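Structure first, commentary second.
If you're wondering where the values come from, they're calculated on a predicted model, not measured in any experiment. Just so we're on the same page: letters track the sequence lines, and every chain starts at 1.
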Amino acid sequence: MGRSPCCEKEHTNKGAWTKEEDQRLIHYIKLHGEGCWRSLPKAAGLLRCGKSCRLRWINYLRPDLKRGNFTEDEDELIINLHSLLGNKWSLIASRLPGRTDNEIKNYWNTHIKRKLYSRGIDPQTHRPLLLMSTTTTNNNKTIVAAVAITITVIITNLLCLRRVITFPITTPTYYFIIIIIKLGLLKGVVVIIVVIIIIIIIMMLL
DNA sequence: AACTTCCGCAACCGCTTTTTT
DNA sequence: CAAAAAAGCGGTTGCGGAAGT
């Protein structure tokens with residue numbers, strides 16, 4: 001025993017709103033206020049779904065919306081809130097008067113992501129990009145390791161071929177690269193040194 | 001000037017949560 | 001309490017204008 005549907009789906013307009021539709025929606029809400037989006041389209045004489053009316057009002061027509069570019073302070077606030085809340089756009093928007101969740105989401109995807117990348121920060125985790133490559137999932141580590149090794153091998157062997165360096169990359173070097181990439185620089189170097197010491201001890205005992 | 005590619009943003013889609021009957 | 005739709009939310013798409021060739 002539910003409610004009746006909000007609109008007849010086959011008799012609704014889609015796509016961009018016209019000036020006339022905007023005026024009808026503004027006029028109706030000025031007279032009757034927000035709320036009950038289910039009955040609004042019919043009462044306002046709009047061939048739109050209630051959901052579409054709500055979105056248009058909240059994201060575009062509301063009089064308290066702040067128009068224009070985001071300020072530097074707003075940028076930093078969005079970045080800080082995103083680091084705490086993640087992609088909770090509505091929560092982020094509630095801390096920025098006059099801005100909508102949709103607007104902030106779009107702004108994040110078009111501007112702030114790029115800004116963070118240029119600072120060398122991963123926009124999803126807010127961690128430095130270089131650290132990311134060594135601490136993500138095993139699958140990602142393998143991909144990063146494979147790409148790094150392939151590039152290193154190609155460059156080293158080309159340099160060797162052109163006699164810039166006198167020796168090609170060797171098998172132990174591959175393993176050292178893998179270890180450093182998988183464990184990080186510090187841990188990797190420690191592990192390599194320990195391995196070398198063990199090898200030296202074994203050789204001396206033999 | 002004509003065409004193509006890129007970019008930003010409004011609107012839609014589909015899912016989850018809340019409300020109503 | 002259950003069912004069904006509204007409300008709300010976040011991801012994605014597609015259009016229109018700007019920029020590049």
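- A cation-pi contact, defined as under 6.0 Å to the ring centre and within 45° of the axis, links A:Arg48 to A:Trp17.
- Taking A:His32 as the reference, A:Tyr28 meet the ring pair (Phe, Tyr, Trp, His ring centres under 6.0 Å) condition, with sequence neighbours excluded.
- To the nearest angstrom, C1' of C:dG10 lies 12 Å from CD of A:Gln124.
- At whole-Å resolution of the value, CG in A:Leu91 and P in C:dC9 are 8 Å apart.
- Cation-pi contact between A:Arg114 and A:Tyr117: absent, since separation from the ring centre below 6.0 Å together with deviation from the ring axis within 45° is not met.
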Contact letters for nucleotides 6-13 of chain B, in which S counts primed atoms plus P, OP1 and OP2 and B counts the base, heavy atoms under 4.0 Å
--SBBBBS
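- Between A:Trp108 and A:His82, the ring planes lie parallel to each other; the angle is under 30°, not in the 30° to 60° tilted range.
- Salt-bridge annotation for A:Glu74 and A:Arg95: absent, with no side-chain N of the basic residue lying under 4.0 Å from a carboxylate O of the acidic one.
- Contact annotation: A:Trp89 reaches the phosphate of C:dG11 (side-chain N/O to OP1 or OP2, under 4.0 Å).
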